[in-house]
Amino acid sequence: FAAAIDMLNNIIALCPDELWEKDKQVYYMSYHTIIFLDYYLTSPVKDFKPLLPYTLCDPDHLPESAIDDVIPSRFYSREEMKNALSIIREKCKQLIYTSPEEKLNERWISDGEIELHGLCPSLVINYTLLEILFYNFRHVQHHVGQLNLLLRQKTNLSADWIAIAD
């Protein structure tokens, strides 16, 4: 899991300022990946406090290049996103290392938490904590691949593959 998070961090670090600030596709996708990474790692979900606050936007009036209705409350610098990722990476490590087997087999979100933050897609409401961890890992890796492709297409740069992380 940490290798995927580290690759996301490296992509954000490699992204030139002009691309980050003007062509918002990389920016919005990076933000989306970070906010959901953080959200899906929060247990219990009622305790979710985003490091990079967001606003839910009318899906019919999304900013250009936004990939969903979860929009950053303000513009976040690459440094702010990398700092948030560092904290979230540690949160991920702690959740995985300290969760007993019983907790991993429990439902990750309670009925009362589903609508609490406006982030929970219906397809994951019955996942166990272990299943949401795998889902989250796949989600991060999916967007890391997309971001690396965008970076290569737009700048001829790409983050190196990280096979293993500490």
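Start at 1 with the first residue, then count along the sequence.
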Looking only at heavy atoms, which two atoms of [X] and [Y] are closest? And how far apart?
X	Y	answer
L133	L41	CD2-CD2, 3.7 Å
A165	A3	CB-N, 3.6 Å
L52	Y76	C-OH, 3.4 Å
A84	L51	O-CD1, 3.7 Å
K24	E21	CE-O, 3.0 Å

Can you check whether [Y]'s main-chain N or O pairs, donor with acceptor, with [X]'s side chain at less than 3.5 Å?
X	Y	result
Q141	A4	no
D47	S43	no
E90	I87	no
Y39	K49	no
Q25	S65	no

If you round to the nearest 0.5 Å, how far is [atom2] of [Y] from [atom1] of [X]?
X	Y	atom1	atom2	value
N148	W161	CG	CH2	10.0 Å
L85	I34	CG	CD1	4.0 Å
T33	D38	OG1	CG	12.5 Å
S86	M81	OG	CE	15.0 Å
S30	L147	OG	CG	4.5 Å
L150	M29	CG	CE	5.5 Å

For [X], I'd like to know if atom [atom1] has over 12 heavy atoms of other residues, nucleotides or ligands within 6.0 Å.
X	atom1	result
R152	CZ	no
I164	CD1	no
N156	CG	no
F75	CZ	yes

Practice item. Before giving the answer on side chain to side chain contact (heavy atoms under 4.5 Å, CB included), spell out for Y135 and L123 the whole-Å C-alpha distance, their side-chain angles and the decisive distance to 0.1 Å. Key: CA-CA 11 Å; Y135 176 86; L123 74 139; 4.0 Å; yes
According to a 4.5 Å side-chain heavy-atom criterion applied to Ile, Leu, Val, Met, Phe, Trp and Tyr, with indirect links allowed, do [X] and [Y] form part of one hydrophobic cluster?
X	Y	result
I132	F134	yes
I67	V70	yes
L149	I162	no
Y127	I125	yes

Exercise for review: Check the pair H32, Y28 against ring pair (Phe, Tyr, Trp, His ring centres under 6.0 Å), reporting the backbone distance first and the verdict last.
Suggested key: CA-CA 6 Å; H32 165 90; Y28 280 123; over 10 Å; no
Exercise for review: Compute the ring centroids of W20 and Y27, then answer whether they are less than 6.0 Å apart.
Suggested key: yes
Review point. Using the benzene-type ring in the case of Trp, are the ring centres of W108 and F48 under 6.0 Å apart?
Key: no
I'd like to know if [X] pairs up with [Y] as an ion pair, taking the criterion as any Lys NZ or Arg NE/NH1/NH2 lying under 4.0 Å from an Asp or Glu carboxylate oxygen.
X	Y	value
D17	R78	yes
K82	E79	yes
R74	E80	yes
D166	R89	yes

Exercise for review: Please assess F36 against N136 for the test side chain to side chain contact (heavy atoms under 4.5 Å, CB included), listing each intermediate value before the final yes or no.
Suggested key: CA-CA 8 Å; F36 281 96; N136 199 1; 5.5 Å; no
**Study point:** Worked verdict on L56 versus Y54 for side chain to side chain contact (heavy atoms under 4.5 Å, CB included)
**Key:** CA-CA 7 Å; L56 295 176; Y54 63 92; 3.9 Å; yes
Exercise for review: State whether Y97 and K93 meet the cation-pi test: NZ (Lys) or CZ (Arg) under 6.0 Å from the six-membered ring centroid, and within 45° of the perpendicular axis.
Suggested key: no
Practice item. Tell me, with the steps shown, if E115 and C120 meet side chain to side chain contact (heavy atoms under 4.5 Å, CB included). Key: CA-CA 7 Å; E115 299 298 325; C120 187; over 6 Å; no
Practice item. Please lay out, stage by stage, how K91 and T42 fare under the test side chain to side chain donor-acceptor pair (under 3.5 Å). Key: CA-CA 8 Å; K91 178 181 181 178; T42 305; 2.6 Å; yes
